[in-house]
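Below is one structure, written out as structure tokens, with a few remarks after it.
First the proteins, then the strands, lettered A, B, ... as listed; each starts at 1. Hydrogens, waters and symmetry mates play no part in the numbers below; they use all other heavy atoms, side chains included.
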Amino acid sequence: MEQGVWRRHVSDQLKQRDRVQRQAFEELIHQYTRLLEKSELQAVLSERYQPDKYDLQRGHEGGCVDGPRSDVLQQEVSQMRIKHQEELTELHKKRGELAQSVIELNNQIQQKDKEIQSNEAKMLEYHQQISGLEGDCRDLRGLLQDLERANQTLKDEYDALQITFSALEEKLRKTSEDNQELVSRWMAEKSQEANKLNAENERDTRRRQAKLQKELADAAKEPLPIDPDDDIEVLAEEAGKGGGETSPSRMLSRTPSKKITQPPPGGLLDSISNIFGRRAPPPFSSSPEGSETPSGVCAEVRVPTTAIHMFDAHDGEVNAVSFSPGSRLLATGGMDRKVKLWEVVSGHCEPKGSLTGSNAGITSIEFDSAGSFLLAASNDFASRLWTVEDSRLRHTLTGHSGKVLSARFLLDNTRIVSGSYDRTLKLWDLRSKVCMKTVFAGSSCNDIVCTEQCVMSGHFDKKVRFWDIRAESMVQELQLQGRVTSLDLNHDRTELLSCSRDDLLNIIDLRTCSVRHTLSAQGFKCGADWTRVTFSPDGCYVAGGSADGALYIWNVLTGKVERTLDRSHNSAINSVSWSPSGAYVVSVEKGSKAILWSTCEGGGANVSR
Amino acid sequence: MADDKDVLRDVWFGRIPTCFLLNQDEVTEREAEPYYLLLPRVSYLTLVTDKVKKHFHKVIRTEDAEEMWFEYEGTPLKWHYPIGVLFDLHASNTVLPWSITVHFKNFPDRDLLHCPSHSVIEAHFMSSIKEADALKHKSQVVNDMQKKDHKQLWMGLQNDKFDQFWAMNRKLMEYPTEDGGFRFIPFRIYQTMSDRPFIQKQYRPVSPEGNVHTLGDLMKAMYPVALSNEGEPKRFQVVIHGIEPLLETPLQWLSEHLSHPDNFLHICVIPVPSD
């Protein structure tokens with residue numbers, strides 16, 4: 001039975017093992033597994049119920065575990081599902097709208113951002129501009145302050161200068177008053193002197209007349225061994241001429257306050273010498289050269305009527321013309337830098353020579369009182385002196401800083417005064433050949449004339465200035481209406497002729513320094529700043545050339561145009577000169593021509609063009 | 001021998017209540033509930049745990065799921081041991097149900113074999129049968145069987161069909177009567193504390209003198225430590241299929257009736273539980 005023991009043991013052991021290990025747990029594990037499966041199924045089913053409506057039916061058809069209960073459940077579920085669907089659609093719609101609005105708002109925000117950016121950029125720009133402008137503003141203010149200060153200082157200076165000026169004006173006024181007083185006194189004294197002299201002269205003449213009468217009477221008493229017819233004729237002629245000659249002079253002497261020289265004695269002397277055998281030369285003849293009488297002699301003056309000789313004087317404009325004191329030589333100066341000498345022979349001008357040495361056009365020419373030197377002022381800022389005999393250049397006077405418009409000898413022929421475009425007048429001494437004095441005239445000087453004591457200059461600023469030679473300062477100023485282009489003195493230096501750009505010729509009384517006559521003519525136009533007019537040698541006429549080429553002759557006494565010679569010149573007349581003998585007048589024009597005028601007596605005078 | 005049949009049935013239908021718990025380190029979408037299962041003693045872990053895998057795959061992320069492996073109290077469980085052996089060796093005398101921890105990550109390649117498919121288990125099972133028959137019959141019986149017979153053996157085990165299995169297995173339990181038993185007894189002795197996986201040696205069921213060897217004889221010969229001396233308290237239990245057969249039980253009968261389906265007699269020597 002050993003077999004059975006162990007066999008049974010094994011079998012019992014197995015049974016027990018199974019009891020413990022298997023049976024105790026079998027049911028439990030089984031139920032647990034079932035529950036697990038159920039719950040999983042439930043989870044799966046519940047998931048499936050939500051999305052799928054038709055599951056209901058399937059559930060139905062599939063034969064659910066609980067039939068009636070699931071109906072209600074399904075109804076509830078379907079209701080809930082419907083509600084949920086509606087909610088869902090609503091929410092979807094809302095979501096769509098919100099999304100739309102979000103997009104729009106985003107866009108707006110972007111726009112606003114852009115605007116903000118641009119605004120900020122602009123602001124930055126403006127800030128920069130502002131700072132720039134502020135800087136400018138500051139600079140300008142600083143500038144303004146500086147300017148104000150400068151202005152203030154200028155004003156102060158101006159005030160100071162004003163005060164000084166008024167003081168100086170006062171001084172000037174006083175001095176000019178004093179000057180006036182002195183001049184008037186001097187004039188008064190002079191007139192007294194002149195009256196005294198006149199009285200003396202009258203007494204003298206009366207005495208001489210008486211003497212002559214006495215002699216004549218004595219002579220008449222004597223028997224004369226001559227042919228009565230010829231001599232008496234001659235005498236009658238001479239007497240008549242002498243009478244004729246004296247009458248105009250007596251006429252002249254009637255005019256008040258005019259100083260006369262001694263024409264009658266000269267004429268009577270001639271006639272007396274004729275009586276003693278000398279053939280009287282024609283009245284037009286000029287005295288031989290070299291024996292010039294001082295200004296006491298009045299030549300025989302006739303108003304020219306015709307152009308006797310027209311000739312080409314220069315290449316280019318002819319600016320100046322002057323007769324020599326002996327009336328035999330004529331000098332012309334032109335833009336061709338030469339001074340040409342012409343001899344007047346029987347109505348012709350024969351070229352005698354030319355004076356060279358100037359580097360620019362000649363503006364004015366003067367012979368010295370002896371006629372041996374010729375002074376020419378030039379545009380090359382210098383004046384030159386030649387000897388006439390040999391046409392040699394003797395001196396060149398440089399020193400002006402502008403064109404020399406006029407140069408004149410002082411009466412003693414040792415000094416020269418020149419006036420220039422540089423607004424100064426210079427006084428030159430010929431012995432030392434240096435400029436002794438320079439005066440500042442204030443304005444460009446167009447022409448100069450000289451008396452013994454006084455230099456008169458005509459200026460661009462319409463004034464005529466009177467300078468005292470000894471005092472070497474200005475004593476008087478005379479204001480005219482136009483730029484003074486030319487000055488001329490009459491032979492006894494009582495009257496000053498001025499031509500001005502306002503086409504008027506003024507005759508100024510030198511004693512009173514006031515304008516006595518004003519001459520004008522319709523059609524007379526002063527052509528240039530250097531147009532020269534001239535007195536006739538006896539002071540009765542004035543000749544001046546117009547811009548249209550017409551030569552006008554005025555009668556001083558009447559103030560009217562005596563003659564107009566307008567058919568000869570083709571261009572503006574620059575200068576006119578009357579021969580000291582009174583017989584010829586020469587006018588020179590811009591167009592390089594010069595015309596010799598005279599009275600045409602005897603008809604058929606040579607008029608050569 | 002009606003008892004023998006019952007014994008065979010009891011042996012075949014032995015179950016172990018097991019609670020499969022997912023390892024706490026595994027990442028889960030929701031809390032993993034434990035899975036309870038009655039595991040057949042005679043089967044293999046990977047053959048019967050498909051449900052466990054399915055259950056736990058519901059909670060873990062599919063991308064994390066690698067090969068499933070089991071572990072009891074830190075010891076990875078070798079699937080190629082029969083389940084009963086594993087239980088007796090590791091967890092007998094412990095509180096039931098047996099708590100196995102399921103892992104899906106960090107497969108311990110040094111301790112466990114990979115089991116990618118059931119065909120691997122089949123191959124292992126069949127090779128065990130052939131090995132056993134080699135010991136028992138010099139492989140004559142198993143080689144005489146046809147392929148379909150082998151398949152039947154496997155299908156019987158896989159589908160838990162007692163009759164289907166024993167229809168074929170009966171042949172493997174036969175022996176020529178003159179021998180008195182098998183040539184050698186196919187057995188393996190498992191110890192808990194040993195560097196050797198098991199003891200397997202040739203051992204005749206009948207001594208040359210004709211004595212029938214018993215279990216005690218086998219133990220004395222193979223693993224005498226397991227047996228306690230006289231007068232000493234028993235230190236070790238010799239467990240087969242969760243029971244302690246008497247040491248007088250003939251070895252031949254044990255091999256016929258208490259073998260596992262793979263025809264081996266798996267013996268576990270475990271220390272006596274100190275309560």
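- In terms of heavy atoms, B/E33 sits closest to A/Y32 at CB-OH, 3.9 Å.
- With a threshold of 4.5 angstrom between heavy atoms, B/P34 approaches chain A through its backbone and through its side chain.
- The closest side-chain heavy-atom distance from B/H55 to A/E40 is below 4.5 Å.
- Nearest heavy-atom pair across B/L38 and A/Q21 is CD2-O, 4.4 Å.
- B/L247 does not touch chain A: none of its heavy atoms, backbone or side chain, sits under 4.5 Å away.
- Looking at B/F87, only its side chain comes within 4.5 Å of chain A, counting heavy atoms on both sides.
- Only the side chain of A/L36 comes within less than 4.5 Å of a heavy atom of chain B; its backbone N, CA, C and O stay farther away.
- Taking CD of A/Q13 as the start and CG of B/L246 as the end, the distance is 8.0 Å to the nearest 0.5 Å.
- Side chain of A/R7 to main chain of B/T249: no donor-acceptor pair is present (N/O by atom type, distance under 3.5 Å, no hydrogens or angles).
- For the atom pair B/E244 CD and A/R17 CZ, the distance stands at 13.5 Å (nearest 0.5 Å).
- For residues 84-93 of chain B, the side chain to side chain donor-acceptor pair (under 3.5 Å) pairs, not counting sequence neighbours, are B/R41-B/D88, B/N93-B/Q237.
- For the pair A/D18 and B/G14, the tightest heavy-atom approach, listed with the atom from each and the gap, is OD1-CA, 4.0 Å.
- Annotation: maximal heavy-atom pairing with chain B below 4.5 Å, among A/Q23, A/H30, A/H9, occurs at A/H9.
- Between A/K15 and B/D6 there is no salt bridge, since no side-chain nitrogen of the basic residue lies less than 4.0 Å from a carboxylate oxygen of the acidic one.
- Put simply, OG1 on A/T33 and NZ on B/K51 are 7.0 Å apart, with the number rounded to the nearest 0.5 Å.
- Atom-to-atom distance recorded for A/F25:CZ and B/Y36:OH is 9.5 Å, nearest 0.5 angstrom.
- Of all the heavy atoms in B/P17 and A/I29, the pair that sits closest is CB-CD1, 3.8 Å.
- The environment of CZ in B/F264 is crowded: more than 12 heavy-atom neighbours from other residues, nucleotides or ligands sit within 6.0 Å.
- Shown here is A/R501, whose CZ atom has more than 12 heavy atoms of other residues, nucleotides or ligands within 6.0 Å.
- Heavy atoms from other residues, nucleotides or ligands lying under 6.0 Å from NZ of B/K220 number 12 at most.
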